2 protein chains.
Amino acid sequence: MSKKATIYDIAKELKITAATVSRALNNNPKISEKTRELVQATATKLNYKQNKLALALKSGKSKNIGVVVPYINRIFFSSVIRGIEDELYPKGYHVIIAQTHDNKEKELKILQNLLNEQVDGILISSSYSNNEKHKLDYLVKKNTPFIFFDRKLNFPNISSVTLNDYQGGYDATKHLIEQGCMRIAHFLVDQELELYKNRFKGYKDALEKSGLPFLPEYVVTLKSDIEAGREAAKTIMKLPLPPDAIFSSTDYGLLGAVQYLNELSVKIPDDFCVVGFSNAPFTQFLETSISSVDQSPVEMGKTAAKVFLEQIENEQTVKICKNVVLPAKLIVRKSSGKIN
Amino acid sequence: MSKKATIYDIAKELKITAATVSRALNNNPKISEKTRELVQATATKLNYKQNKLALALKSGKSKNIGVVVPYINRIFFSSVIRGIEDELYPKGYHVIIAQTHDNKEKELKILQNLLNEQVDGILISSSYSNNEKHKLDYLVKKNTPFIFFDRKLNFPNISSVTLNDYQGGYDATKHLIEQGCMRIAHFLVDQELELYKNRFKGYKDALEKSGLPFLPEYVVTLKSDIEAGREAAKTIMKLPLPPDAIFSSTDYGLLGAVQYLNELSVKIPDDFCVVGFSNAPFTQFLETSISSVDQSPVEMGKTAAKVFLEQIENEQTVKICKNVVLPAKLIVRKSSGKIN
DNA sequence: TTGTAAGCGTTATCAT
DNA sequence: ATGATAACGCTTACAA
């Protein structure tokens, strides 16, 4: 395989200069038809392909953007990335992905690396909480546009695309109340993260609005996995007055709870209703399908990409900052379908 | 935000030359301790960060690799990518992802683009079948290493990492036979793709080995989704002598079939056994959990990454080509657990 | 319309 | 041990 052809090779072949070749290739108006055709012909003949690296170095734009997530194989994140790539590929951008494994130091390094790679923007779902966000301060202050999605950090003048988690929590709880549930428990994942706090707040406000008491013992903090959910269910079912419903911020945790309730022969939805969060694929496939709040991840990715594009296009003129909040969509299934 | 600092800024500050700065930064042995320290100090002071783009142009190595898949949000592919990124990030590589949407022309363009971007390698699960692989001929012949994973194309001297689909099909079928099933149907997805053919072949060989007849009417070709699976089940259950088991190349198709069988009140596993392929997450969460063949996607990704690294490291000396075949792992669950 | 030359930020090859 | 210079492949004033 011979070396890759450059514009110099084309130039030499035609006994003209590289500048002319460049212009011809870029359809510069002030170039004769003849040379343009000649150049393009020899370009294909020599199988010339533009070296984007050189272009990037020259222009200062790499046409690469970085997407940073905890784990790429979580369905929520891979769906967001799907949306981002679908939106950005037609605009000539390449998507570089990196996983933080929810490790803060690693996240910092990744961001540094991406910036060194001269990415044109960074879309990130951060592992940091708002308490420690100052550690990222010097990064977001650089020229490279940052866009936070889902897990947002509150920096002034930084764009974000998030779900209306509060509304999701509110709707889910209200729905359970409408089903006649009176003692609704809540599975809370992580007080540190804004989005879980917001779902929790939605839950509390829905209770209050309906005149139901908020009972701290009905709130369990747990990891987002099946085993933890099972344990959480054990805990609340041991209470003197056990709940008759769960609104869970995690589908996986909820699944564990449902499994435990099944073992106790608690009938869902007749005696106990549950609603999850995330609309994980499995929720709809269970015999007793699980109601859940959908996060429209693909849409979120597309939106984040659009916000990025807007920001880039207006770079010179005004610095745009946009904070988009997407609606949460409660999907009612059998697990909370007492009435209908 | 001031412009990014370059080695020239450091040089100017210290009244030395950029070459010296470069050497100091790269820990070149022939540099005095003093200058090294001085340089490193001013580097941090000016918040200097190496521009990887310039380095890439100079060295001809971008430290980027391209990963090309049909859809990034399919759990199998996102898991493979997870493995790839986990393996390659510590080696200083960035992973660029691109989705073909199973569109062959798009795949071609993507590959062309990635090559223009000067990626150091391409890991791909191709949409092409071996019949049309010649269209990619001129691409794989370039200097950039190609590695096929899962969906492999048979090019001479091109590496690949695949699953032993034949063995997966064989084991699944054999297992069903051992459960006492006598009339095993097969859900086949796409005759064009090698891997489905191999699973099918494993199925046939297992039947033959056990002296069971191969009946063409027990083989249904279908799309990989629930509705198609439901239809397929309808078809085979209408046969004069309906089967008593299904080995399906698709978990989703199988789920549709299971749903239909439930409606017919066919008892699984007592009267009917099923085994799927892919070990989709939902298979283990169903009340009647579904047996399936696991593909170890994360492992596959890691392996593909390792093959790439090996190939790059020995670039100068020998051209390495490796064809790794990973074992398929049958996971037995309730849906085929008659005996135990 | 085309050529000349500088520059993007590095590193490598000469010298000194 | 350090400096000068060229080179990677491209674009773009400025000249002609």
Side-chain angles (χ1 to χ4, degrees), chain A residues 2-40 42-43 46-64 92 113 115-120 143-144, chain B residues 2-40 42-43 46-64 92 113 115-120 143-144:
Chain A
S2 51
K3 285 241 64 75
K4 280 164 189 157
T6 74
I7 50 174
Y8 282 93
D9 298 322
I10 302 180
K12 207 182 297 171
E13 183 100 356
L14 295 172
K15 297 192 201 307
I16 56 176
T17 174
T20 312
V21 175
S22 169
R23 284 187 275 250
L25 256 17
N26 291 304
N27 288 314
N28 188 311
K30 43 179 69 174
I31 216 86
S32 79
E33 247 336 288
K34 269 174 280 173
T35 23
R36 188 198 317 288
E37 279 166 18
L38 235 47
V39 166
Q40 256 142 16
T42 34
L46 298 183
N47 194 26
Y48 167 80
K49 293 286 146 48
Q50 190 189 45
N51 183 329
K52 300 272 165 132
L53 237 43
L55 180 58
L57 179 59
K58 183 75 173 85
S59 68
K61 308 249 149 280
S62 67
K63 284 288 192 166
N64 283 154
N113 282 157
L115 259 13
N116 295 172
E117 277 246 2
Q118 315 299 114
V119 292
D120 294 347
N143 293 326
T144 310
Chain B
S2 52
K3 285 240 67 73
K4 281 162 190 157
T6 72
I7 49 173
Y8 280 94
D9 299 322
I10 302 180
K12 208 181 295 171
E13 184 98 356
L14 295 172
K15 297 195 201 307
I16 56 175
T17 173
T20 312
V21 175
S22 170
R23 284 186 276 248
L25 256 17
N26 290 303
N27 288 313
N28 187 311
K30 43 178 70 174
I31 216 86
S32 79
E33 251 331 292
K34 271 173 279 176
T35 22
R36 189 198 316 289
E37 278 166 20
L38 234 49
V39 165
Q40 257 142 16
T42 34
L46 298 182
N47 194 25
Y48 166 80
K49 293 288 146 47
Q50 190 189 45
N51 183 328
K52 299 275 166 137
L53 236 43
L55 180 56
L57 179 60
K58 184 77 173 79
S59 68
K61 308 249 150 282
S62 67
K63 283 287 192 168
N64 283 154
N113 283 156
L115 260 11
N116 295 173
E117 279 246 359
Q118 316 299 115
V119 291
D120 294 346
N143 294 327
T144 311

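Just so we're clear, the structure is a prediction, and the values are computed from it rather than from any experiment. Proteins get letters first, then strands, A, B, ... in listed order; numbering begins at 1 in each.
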(request) Please determine if a side-chain N or O atom of A/N26 lies less than 4.0 Å away from the OP1 or OP2 oxygen of D/dT11. (result) yes
(request) Rounded to the nearest angstrom, tell me the gap between atom NZ in B/K61 and atom C1' in D/dG9. (result) 16 Å
(request) Taking only the side-chain nitrogens and oxygens of A/S22, find out if one of them lies under 4.0 Å from OP1 or OP2 of D/dC10. (result) no
(message) Can you confirm whether the side chains of B/T20 and B/T17 place a donor and an acceptor under 3.5 Å from each other?
(response) no
(request) In whole angstrom, give the distance that lies between atom OH of B/Y48 and atom P of C/dG9. (result) 10 Å
(request) Please answer whether the main-chain N or O of A/V119 pairs with a side-chain N or O of A/N64 as donor and acceptor at a distance below 3.5 Å. (result) no
(message) Are the side chains of B/N116 and A/Q50 in contact, using a 4.5 Å heavy-atom criterion?
(response) no
(message) How many whole angstroms separate atom CG of A/L55 from atom C1' of D/dC8?
(response) 14 Å
(request) Nearest-nucleotide wise, let me know which of B/A54 and A/S32 is further upstream toward the 5' end of DNA chain C. (result) A/S32
(message) Can you measure B/K30 atom NZ to C/dA15 atom P for me and round it to whole angstrom units?
(response) 14 Å
(request) Classify the nucleic acid contact of A/K52 as base, sugar-phosphate or nothing, counting any heavy atom under 4.0 Å across all strands shown. (result) nothing
(request) Evaluate the side chain to side chain contact (heavy atoms under 4.5 Å, CB included) criterion for residues A/K58 and B/L53: first the C-alpha distance (whole Å), next the side-chain angles of each, then the deciding distance (0.1 Å), finally the verdict. (result) CA-CA 10 Å; A/K58 183 75 173 85; B/L53 236 43; over 6 Å; no
(message) Measure NZ/A/K12 against P/D/dG9 and give the value in whole Å, please.
(response) 12 Å
(message) Under 4.0 Å from OP1 or OP2 of D/dC8: is there any side-chain N or O of B/S59 that close?
(response) no
(request) Please name the residue in the list A/T6, A/L14, A/I16 that meets the side chain to side chain contact (heavy atoms under 4.5 Å, CB included) test with A/V21. (result) A/I16
(request) Take atom NZ of A/K63 and atom C1' of D/dC10, then tell me their distance rounded to the nearest Å. (result) 16 Å
Collect all protein-nucleotide pairs involving nucleotides 3-6 of chain C in which both atoms are nitrogen or oxygen and the distance is under 3.5 Å.
from	atom 1	to	atom 2	distance (Å)
C/dG3	OP2	A/T17	N	3.1
C/dG3	OP2	A/T20	OG1	2.4
C/dG3	N7	A/R23	NH2	2.6
C/dG3	O6	A/R23	NH1	3.0
C/dG3	O6	A/R23	NH2	3.2

(message) Assuming nearest nucleotide by heavy-atom distance, tell me which of B/I31 and A/L53 is located more 5' along DNA chain D.
(response) B/I31
(message) In whole Å, I'd like the distance from the CG atom of B/N116 to the P atom of D/dC10.
(response) 10 Å
(request) Check whether any side-chain heavy atom of B/L38 sits under 4.5 Å from a side-chain heavy atom of B/E13, and report yes or no. (result) no
(request) Let me know the distance between CG of A/N51 and P of D/dC8, rounded to the nearest Å. (result) 12 Å
(message) Does C/dC8 have OP1 or OP2 under 4.0 Å away from a side-chain N or O of A/Q118?
(response) no
(message) Which residue in the set A/N28, A/I7, A/V39 passes side chain to side chain contact (heavy atoms under 4.5 Å, CB included) when paired with A/R23?
(response) A/N28
